[in-house]
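Encoded as structure tokens, the structure appears first; notes follow it.
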Amino acid sequence: MGRGMLRIYLGAAPGVGKTYAMLSEAHRRVERGTDCVVAFVEHHDRPRTEVMLHGLEQVPRRRLEYRGGVYPEMDLDAVLARRPQVALVDELAHTNIPGSRHAKRWQDVEELLAAGVDVISTVDIQHLESLGDVVESITGVRQQETVPDEVVRRADQVELVDMSPESLRRRMAHGNIYQPDKVDAALSNYFRPGNLTALRELALLWVADRVDAYLTQYRSDHRVSRIWGSRERIVVGLTGGPEGRTLIRRAARLAEKGAGGEVLAVYIARSDGLTSASPKELALQRTLVEDLGGTFHHVVGDDIPAALLAFARGVNATQIVLGSSRRRSWQYVFGPGVGATVARESGSDLDVHIVTHDEVAKGRGLPVARGARLGRSRRVWGWIAGVAGPPVLAALLSAVDLGLANDMLLFLALTVAAALLGGLMPALASAAVGSLLLNYFYSPPLHRWTIADPKNIVAIVIFVAVGAAVASVVDLAARRTHQAARLRAESEILSFLAGNVLRGETGLEDLLERVRETFGMESAALLERASDVEPWTCAGRVGQGRPVERPDQADVDMPVGDHMALALTGRVLPAEDRRVLAAFAAQAAVVLDRRRLQEEADRARTLAEGNRIRTALLAAVSHDLRTPLAGIKAAVTSLRSEDVEWSEEDRAELLGGIEEGADRLDHLVGNLLDMSRLQTGTVTPLIREIDLDEVVPMALGGVPDGSVDLDVPETLPMVGVDPGLLERAMANLVENAVKYSPSGTPVLVAASALADRVEVRVVDRGPGVPDEAKGRIFEPFQRYGDAPRGAGVGLGLAVARGFAEAMGGTLDAEDTPGGGLTMVLTLRAAVPRPDLLHVAEHAAEPERQAS
């Protein structure tokens, strides 16, 4: 059975109607006879959504116990056993309760798809992993539940469920999304018009980019070369001259006039040396186009108009912006110029804008040349001048008698002209034909192939030698010019490559994309294998061309060492391009090695940290854990001794010592386990809305009565936290403060609201900590100063900070005015946000029904 198909309903925010749309689609499929079941859909007491569940088969949920509560989850095994054609799985970004087979619901969906079950799911744009920072900057909330972008991009269908901010706020006001007591807070916080508008734009742009990727894939698969103007894409042709900045700004203004306009600046490095670009100017133009939201591209092409048009059609551009020619008037005798050629050959699907600028007609610096070396047209004219020119000249000279010396000079001038036009061979042909005609028509005896005067023989020989020498010089100069231009083009590319490395643009995929773009290929891949007998594997690939599994399947392959090769598809490259390609291949190998070294370094750091933790754990076990064990052992031995008759007071004291030692062990072991969870990244907070006065008092159970003054106003906003993690963090902070606070001086625990944050301050009057040590006290197994070994293993503050960060908060140390240390725990104030109503209440904010 093949892989199932994934359909996703994507929305900008909770409440736009994703779940309702999904259930409507399920009813349509059931009516058509499709076997469709509800694997997991949470209606959250929304009447219209609950009604849509009627008539659909629902797979019973699995109930998991966690921290004293029972939570329903999707029963993956039951769905796989049922094997429906289509399964509805709500909230793709949801985090599963610990004890589930997978940590994330999208991983459950992947298993269903692998089993051949089609899946329909829902997700909000804010839960895409790559948009976490953007969403946080918009809403002030960091999403805790995310789904990798690639999971959504791989979906067979993505349907946008859209709604205007005004309509969504009306739904909220009517109580169709949240309970009435939460509506006002939601409308004034997360569901503000600005937030909703920005999230809606993110969703629209993301879907538009995916549609664009579909279109590009379709055009590639069906080899569509004609431009489809689905959106405005403006290509700016740059020469490296100062007018480039004017063209970029003009293109940016054109792009602003059309929705979704895109600017692509391209510089074509020509191998014949037509352009002399300034690297500094190109760098400035690159920065400018990127600042304006466009992209910069570097392409090699001998024929600039053809390369520019090929690039424009390759990116499905709709407009090309070029500058007016900088050539002087007399230079137009060599051809119409790039702008006129592009405009003539662009066809009806590309608009060409010729923009005037201050550099018009001020000269390009180098004469126009066509093609490689002398160019095909020049060689043709050279042969015409070399073969047909001498007879025509002889016919003209037959009417006048200028003397042999003058006749030879005219034929020599014609030979030089043939050399200048066509190079060595046309000049030699001109010299040969001219010498024969001079001998036959102008050297006595006339009209015979013999020469009577020996002086004339010397003159004709010198004539042929001079013609050959001039032709050789011209041909050599053409070769050297071509080589110099080619080397300059290569140096520009290599300089650009080195600049990417210096700028830190060393991603393998980025480098392969640069290779593909530079040489105009369909795809580029870096292949490697462990040994000669092992199969090739792909380390990285870009482009839309056919997949390449071995170097011999590619149009161009460049070996890198014995077991690595850069493979390109699209066309066969000339031999002279392979030198630059070799530099790219070597750089790709370096980038791959660097990436792997970085991964190994990260693993080594992880192992080193693990070793450090294990060493500290052994030290802790060797003393800090054995001390209370020894006390418990001694007390128990004493109680069991038959030689001593203990009084009730002594027995109570021994039992109290046992209880104290057990509590101490429980605290130490709890911190060790918590630290282990933090180090391995397995802490999964169950965020929900609570009042601080419900949790903070519970954290004071481990300290003596009267050692803490509590000031937590009831008017504080609710916070979005995991109650268990918050209680453990607060307990560690309070116990640490009480430990160092002077006897008789209580620790103050005070809370206050600040903007969208709630701060809890634990204030002691102890010795304090200098500024340079404030960061170190949060490291595992660190105790400041000369704290005795019995004071603990130094994990309390490390665990507290780890739990605070896991809940999206912060923990910092400050000086207490007048002496002492203040621990500041900052938490996020809770509003009805999807990231604060997840896991424990099964709300990664579920999809909204359409009202």
Side-chain angles (χ1 to χ4, degrees), residues 129-130 148-150 153 213 264-267 269 279 282-283 286-287 289-290 295-300 314 489-532 534-571 573 577-607:
E129 198 168 71
S130 66
D149 288 46
E150 185 60 25
R153 290 187 182 277
L264 301 92
V266 57
Y267 168 66
L282 278 178
R286 176 193 178 99
T287 302
V289 71
E290 291 176 349
T295 56
F296 184 89
H297 305 266
H298 192 283
V299 176
V300 173
E490 292 178 0
S491 67
E492 289 176 355
I493 296 173
L494 295 176
S495 174
F496 188 82
L497 179 61
N500 285 346
V501 176
L502 293 175
R503 287 189 297 269
E505 300 173 2
T506 55
L508 180 59
E509 285 71 22
D510 294 337
L511 183 62
L512 292 177
E513 179 62 27
R514 182 66 60 187
V515 174
R516 188 197 66 78
E517 186 179 86
T518 297
F519 294 100
M521 308 300 285
E522 292 181 357
S523 69
L526 186 63
L527 306 178
E528 63 174 346
R529 59 180 177 180
S531 64
D532 294 336
E534 295 292 330
W536 290 92
T537 59
C538 182
R541 181 180 182 275
V542 297
Q544 304 295 332
R546 67 181 188 275
V548 175
E549 298 179 355
R550 301 190 309 273
D552 55 14
Q553 295 178 343
D555 295 318
V556 180
D557 69 284
M558 174 59 64
V560 187
D562 296 331
H563 302 120
M564 191 177 294
L566 181 62
L568 308 178
T569 62
R571 64 186 179 93
L573 288 180
D577 284 339
R578 294 182 67 84
R579 178 167 51 189
V580 177
L581 183 61
F584 274 107
Q587 182 62 28
V590 170
V591 169
L592 181 60
D593 289 342
R594 183 185 294 114
R595 185 173 70 181
R596 289 176 175 169
L597 288 174
Q598 183 62 45
E599 292 173 354
E600 292 179 3
D602 293 339
R603 287 195 294 269
R605 279 194 295 270
T606 302
L607 291 174

M558: which of L581, L526, V515 passes side-chain contact (heavy atoms from CB on, under 4.5 Å): L581

Heavy atoms of L508 and A539 approach each other most closely as CD2-O, 3.6 Å

From D602 atom CG to E600 atom CD, the distance as rounded to the nearest 0.5 Å: 10.0 Å

OG1 on T569 to CG on D555, rounded to 0.5 Å: 6.0 Å

Ignoring hydrogens, what is the shortest heavy-atom contact between W536 and R550? Give both atom names and the distance. CD1-CG, 4.0 Å

Spatial distance of atom CG (L527) from atom OG1 (T537) [nearest 0.5 Å]: 7.5 Å

Report yes if the side chains of L512 and L566 come closer than 4.5 Å at any heavy-atom pair, otherwise no. yes

I need the minimum non-hydrogen distance between V556 and M521, along with the two atoms involved. CG2-CE, 4.2 Å

Does CD in E549 sit with more than 12 non-hydrogen atoms of other residues, nucleotides or ligands closer than 6.0 Å? no

What heavy-atom pair brings A589 and V560 nearest, and what distance separates the two atoms? CB-CG1, 3.5 Å

Would you indicate whether the side-chain heavy atoms of R286 and L282 approach each other to under 4.5 Å? no

List the atom of E522, the atom of G570, and the distance in Å for their closest heavy-atom pair. CG-CA, 3.8 Å

Taking NZ, NE, NH1 and NH2 as the nitrogens, is one of them in R516 or E513 under 4.0 Å from a carboxylate oxygen of the other? yes

List the atom of H297, the atom of L264, and the distance in Å for their closest heavy-atom pair. NE2-CD2, 3.6 Å

Side chains of E528 and L592: does their closest heavy-atom pair fall under 4.5 Å? yes

